[in-house]
Amino acid sequence: QVQLVESGGGLVQAGGSLRLSCAASGRAFSSYHMAWFRQAPGKEREFVAFINWNGGTTRYTDSVKGRFTIARDNAKNTVYLQMNSLKPEDAAVYYCAGGPPRTSVPVVIPGAYVDWGQGTQVTVSS
């Protein structure tokens with residue numbers, strides 16, 4: 001098991017930026033695929049970004065391509081989500097998730113991940 005703790009959420013004006021961090025504890029982190037999901041009130045949990053164990057493969061949902069960047073530092077046991085040009089529709093609770101590789105392609109389904117953080121709130125004002 002890898003324990004995950006998100007931080008960095010907050011209130012930002014539309015067009016602004018935030019960087020979310022996910023601090024991990026556990027020896028399996030460096031071999032885990034990691035992802036960010038988000039969930040707005042009354043909506044399904046939505047895939048946002050994926051990064052494989054060594055950072056060589058990333059994937060983003062179409063709505064954030066060109067604006068968000070996922071990265072990881074295995075030496076620091078941390079994964080990041082840099083969010084630029086934020087829009088009101090980006091407002092949600094953002095969750096960090098991780099799990100061992102199960103397929104040869106990035107996975108975007110929440111059930112594919114075994115460890116989850118508690119979430120951090122991102123609010124975007126218009």
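Predicted model only: the values in this text are computed from it and were never measured. Atom set for the values below is all heavy atoms of this structure, side chains included, hydrogens, waters and symmetry mates excluded.
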Does some side-chain heavy atom of [Y] sit less than 4.5 Å from a side-chain heavy atom of [X]?
{"X": "Ser125", "Y": "Leu11", "answer": "yes"}
{"X": "Arg38", "Y": "Val93", "answer": "no"}
{"X": "Asp115", "Y": "Gln1", "answer": "yes"}
{"X": "Val122", "Y": "Leu18", "answer": "yes"}
{"X": "Val48", "Y": "Val64", "answer": "yes"}
{"X": "Tyr32", "Y": "Pro101", "answer": "no"}
{"X": "Phe47", "Y": "Ile109", "answer": "no"}
{"X": "Val107", "Y": "Tyr113", "answer": "yes"}

Exam field: side chain [X] to backbone [Y], donor-acceptor pair closer than 3.5 Å:
{"X": "Asn74", "Y": "Asn77", "answer": "no"}
{"X": "Glu6", "Y": "Thr120", "answer": "no"}
{"X": "Arg19", "Y": "Tyr80", "answer": "no"}
{"X": "Arg72", "Y": "Gly55", "answer": "no"}

SG-CG distance between Cys96 and Leu81, expressed to the nearest 0.5 angstrom: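 Atom-to-atom, Cys96:SG and Leu81:CG are 9.5 Å apart.
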
Taking the six-membered ring for Trp, are Phe37 and Trp116 parallel (under 30°), tilted (30 to 60°) or perpendicular (over 60°)?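 Because their plane-to-plane angle lies in the 30° to 60° range, the rings of Phe37 and Trp116 count as tilted.
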
Should the pair Phe68 and Tyr94 be assigned to parallel (<30°), tilted (30 to 60°) or perpendicular (>60°) ring geometry?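 Ring orientation of Phe68 relative to Tyr94: tilted.
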
Would you check, one step at a time, whether the test salt bridge (charged side-chain N to carboxylate O under 4.0 Å, His left out) holds for Asp62 with Lys65? CA-CA 5 Å; Asp62 286 345; Lys65 287 180 179 177; 3.0 Å; yes

Run the side-chain contact (heavy atoms from CB on, under 4.5 Å) test on Val5 and Gln3 for me, step by step, so that the C-alpha distance in whole Å, both residues' side-chain angles and the decisive distance to 0.1 Å come before the verdict. CA-CA 7 Å; Val5 180; Gln3 294 180 319; 5.8 Å; no

Grab the two heavy atoms, one from Gln82 and one from Ser17, that are nearest each other, plus how far apart they are.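 Closest approach of Gln82 to Ser17: NE2-CB, 4.0 Å.
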
Can you find a side-chain donor-acceptor pair between Asp73 and Thr78 that sits under 3.5 Å?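 Absent: no donor and acceptor within the cut-off.
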
